[in-house]
There are 2 protein chains.
Amino acid sequence: MASQQPARPAAPAPRPTRRSEKSRRAIYDAALALVVEAGYPRTTIEGIAARAGVGKQTIYRWWPSKAEVLMEAFLDLAGHPPRDAAQEPSAIPDTGDLAADLKAVLRATVDELKDPRFDAPSRALAAEGLVDEALGRQYVAKLLEPSLQLYVQRLRSAQEAGDLRPDLDPRIALELFVSPLAQRWLQHTGPITYAYTDTLVDYALYGLAPRSR
Amino acid sequence: MASQQPARPAAPAPRPTRRSEKSRRAIYDAALALVVEAGYPRTTIEGIAARAGVGKQTIYRWWPSKAEVLMEAFLDLAGHPPRDAAQEPSAIPDTGDLAADLKAVLRATVDELKDPRFDAPSRALAAEGLVDEALGRQYVAKLLEPSLQLYVQRLRSAQEAGDLRPDLDPRIALELFVSPLAQRWLQHTGPITYAYTDTLVDYALYGLAPRSR
DNA sequence: TGCGAACGATACGGTTCGTCTCGTCCAAGA
DNA sequence: TCTTGGACGAGACGAACCGTATCGTTCGCA
C-alpha cells in the first residue's frame, strides 16, 4: 500500500539516469585488471578507485561490496563484448552425435578455464560465494545455471532422439561430466586436459559397470 | 654444506619442545568455535587470541596465517580421537554389492556435510584454497585426496570382482559421483539428499546412454 | 541557463593486521 | 636444586583498508 520508503535514512537512493557511464566502465576495467594482476585478496576498493581515477564514494554509491563490483564487471565482460560470436548463452551444437557434441563443448570449456582473464575473476567470485551464501546464490543464478541449462536442453534433445535413457533427470545427468571438471578446475584436484574431458563423457554415457553381462 | 641459516633475520626459529600444549589446544578450540559461530570472514586472529586467552604473538609464532591455524585445527578435530576408530581413513565397506556400498558411504557423507561443525571450517578452507593455490594444494593433499583414495581402493576391488569395467581409471571414475555431490555442497547448486546421491551412483554405474541397443 | 545530483578528492574514526617490547613463568641443562 | 633463556600473556604501535562524511566541481536534465 505505502508506495515506497527510502531504504535507509542516510541513503537518498541515487538516480541511475545521472550515472556516469565512463566511471562505471573504468571501475569494471580496474577491478578486472587488479584481480588478474594482484589477486583477489589484494584487490581493494581503494585500489580499484585509485586505478579507475574515481572517488571511493562513487563505488560505495552503486555497489554494496567488492564482490558485487567484480560480479558485475565479470558479467559485463562475459556477456558484453560479443556481437560476433557470443560465447556463453549460445546453445550446444546438435549434430546428432551426443558424445561428440559434449566433448566439443567441454574442450572449449577447458580452454576457457585456462584463460587468466576468465579464471581469476571467476575463481575469486566462486571463492567468495562459498562463504557468503547470498553472493553464492547470485553466482550460481547468473553465471553457472544459465550454462548448465544449455546442457539440459541438449540432453533433452538426446532423450527424444533415443540417445539417452528416457527416465533420467537431465539436470542431474549433466553433473556427471560437468562437476568433475568444475572440481578439478576450482580445487586443483587433477590436471585438466582434452583427454580427461573426453574420458568423462565416455564414462558418463556408457557407465562404469560392464555393459555386457 | 653450510649447516643452517636462520630463515629470516628476525625469526629466531622457535623450539617446538618448549611449546605450550595448552595454548595450542585453546587456539584450536577458539578458531573452530569462531568459524562456526561468527563465520570465516569475521574470524580474526585477534579474535582467536582473545577467545583462547592467548597473546597474538603466540599465534604468529607458530602459524603463518589464519587459514593455516584453521587447517591444523580442523585436521586435529577430524583425525584426533585417533588410535581407536578414526573416522576418516577407514576403508569403504566391501559387501560385494558395489552400488550399495557406494550409496551407503555417500549417505554418510551427506550427513557429514550438513553438520555445521564440519561444514563451516571445511567450507572456509575450501574457499581460501580457491584463491590461495598453496593452501588449496594443502587442502587437497591433507583433507580431500586421502578420502578419495578410499574410493580408488574400493573401485579397484570392484574391478577385480568384475563389477566394474577393467579398463577404466578409478581415480577418474570416482569423480562421476563424488564431484557432483561436492559441487552441490560447495556452491549450493542443488539440494543434497539421499535420493540424489543414490541417483548419482545409479547413473554413474549404469551410464546415461540406453543399455539395450 | 540554472538547479541539483553525481562526481573526484580527501579527511575521518574504527578495525584488523603483523611487529615489537614488556615482565612473567616454566622447563631443560648445569 | 638452581640458573637461565625461551615461550608465554598482554598490549602498544604504525600501516592498510574499511565505510562514512564533506568538501568544491562538473555535468545532465528541465
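A, B, ... follow the sequence lines: proteins, then strands. Residue 1 opens every chain.
- Contacts of A:Arg184 classified as side chain to side chain donor-acceptor pair (under 3.5 Å), with partners at least two apart in sequence or in another chain: A:Tyr196, B:Glu175.
- Not counting sequence neighbours, B:Tyr203 has no partner by the side chain to side chain donor-acceptor pair (under 3.5 Å) test.
- Contacts of B:Lys103 classified as salt bridge (Lys or Arg N to Asp or Glu O under 4.0 Å), with partners at least two apart in sequence or in another chain: B:Asp202.
- Residues B:Gln149 and B:Gln153 bring no donor and acceptor atom of their side chains to less than 3.5 Å of each other.
- Terminal axes of the helix from C:dT1-D:dA30 to C:dA30-D:dT1 (five pairs each, C1' rotation axis) are separated by 20°, to the nearest 10°.
- For B:Asp115, there are no salt bridge (Lys or Arg N to Asp or Glu O under 4.0 Å) partners, not counting sequence neighbours.
- Nucleotide C:dA6 holds its C1' atom 14 Å from the CZ atom of A:Arg24, rounded to whole Å.
- Separating the CD1 atom of A:Ile59 from the C1' atom of C:dA6 is a distance of 14 Å, rounded to the nearest angstrom.
- Under the ring-ring contact (aromatic ring centres under 6.0 Å, His included) criterion, the residue pairs touching residues 112-131 of chain B are B:Phe74-B:Phe118, with sequence neighbours excluded.
- D:dT26 atom P lies 12 Å from atom NZ of A:Lys22, rounded to whole Å.
- Along DNA chain C, the nucleotide closest to A:Thr58 and the one closest to B:Pro64 are compared, and the more 5′ of them pairs with A:Thr58.
- Rounding to whole angstrom units, CZ of residue B:Arg61 and P of D:dG11 are separated by 17 Å.
- The distance from atom CZ of B:Arg19 to atom P of D:dG9 is 11 Å, rounded to the nearest whole Å.
- Cation-pi geometry between A:Arg19 and A:Trp62 is met: the NZ or CZ atom falls under 6.0 Å from the ring centre, inside 45° of the normal.
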Would you tabulate the side-chain donor-acceptor contacts of residues 48-61 of chain B under 3.5 Å, counting partners in other chains and residues two or more places apart, or write 'none'?
residue	atom	partner	partner atom	Å
B:Arg51	NH1	B:Glu37	OE1	3.0
B:Arg51	NH2	B:Glu37	OE2	3.1
B:Lys56	NZ	B:Glu46	OE2	2.9

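- To the nearest angstrom, C1' of C:dC7 lies 11 Å from CH2 of A:Trp62.
- Scanning for salt bridge (Lys or Arg N to Asp or Glu O under 4.0 Å) contacts around A:Asp29 gives an empty result, with sequence neighbours left out.
- Residues satisfying the side chain to side chain donor-acceptor pair (under 3.5 Å) test with A:Ser179, not counting sequence neighbours, are B:Gln183.
- Following rounding to the nearest Å, B:Tyr60 (OH) and D:dG11 (C1') show an atom-to-atom distance of 14 Å.
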Enumerate the protein-to-nucleotides 27-30 of chain D contacts in which both atoms are nitrogen or oxygen and the separation is below 3.5 Å.
residue	atom	partner	partner atom	Å
D:dG28	N3	A:Arg18	NH2	3.4

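- Between B:Ile27 atom CD1 and D:dC8 atom P the separation is 8 Å, expressed in whole Å.
- Among residue pairs with one or both ends in residues 121-140 of chain A, those qualifying as salt bridge (Lys or Arg N to Asp or Glu O under 4.0 Å) are A:Asp119-A:Arg123, A:Glu133-A:Arg137; sequence neighbours excluded.
- Residues from residues 36-57 of chain B that place a heavy atom under 4.0 Å from any atom of DNA chain C, listed by number: B:Thr44, B:Ile45, B:Glu46, B:Lys56, B:Gln57.
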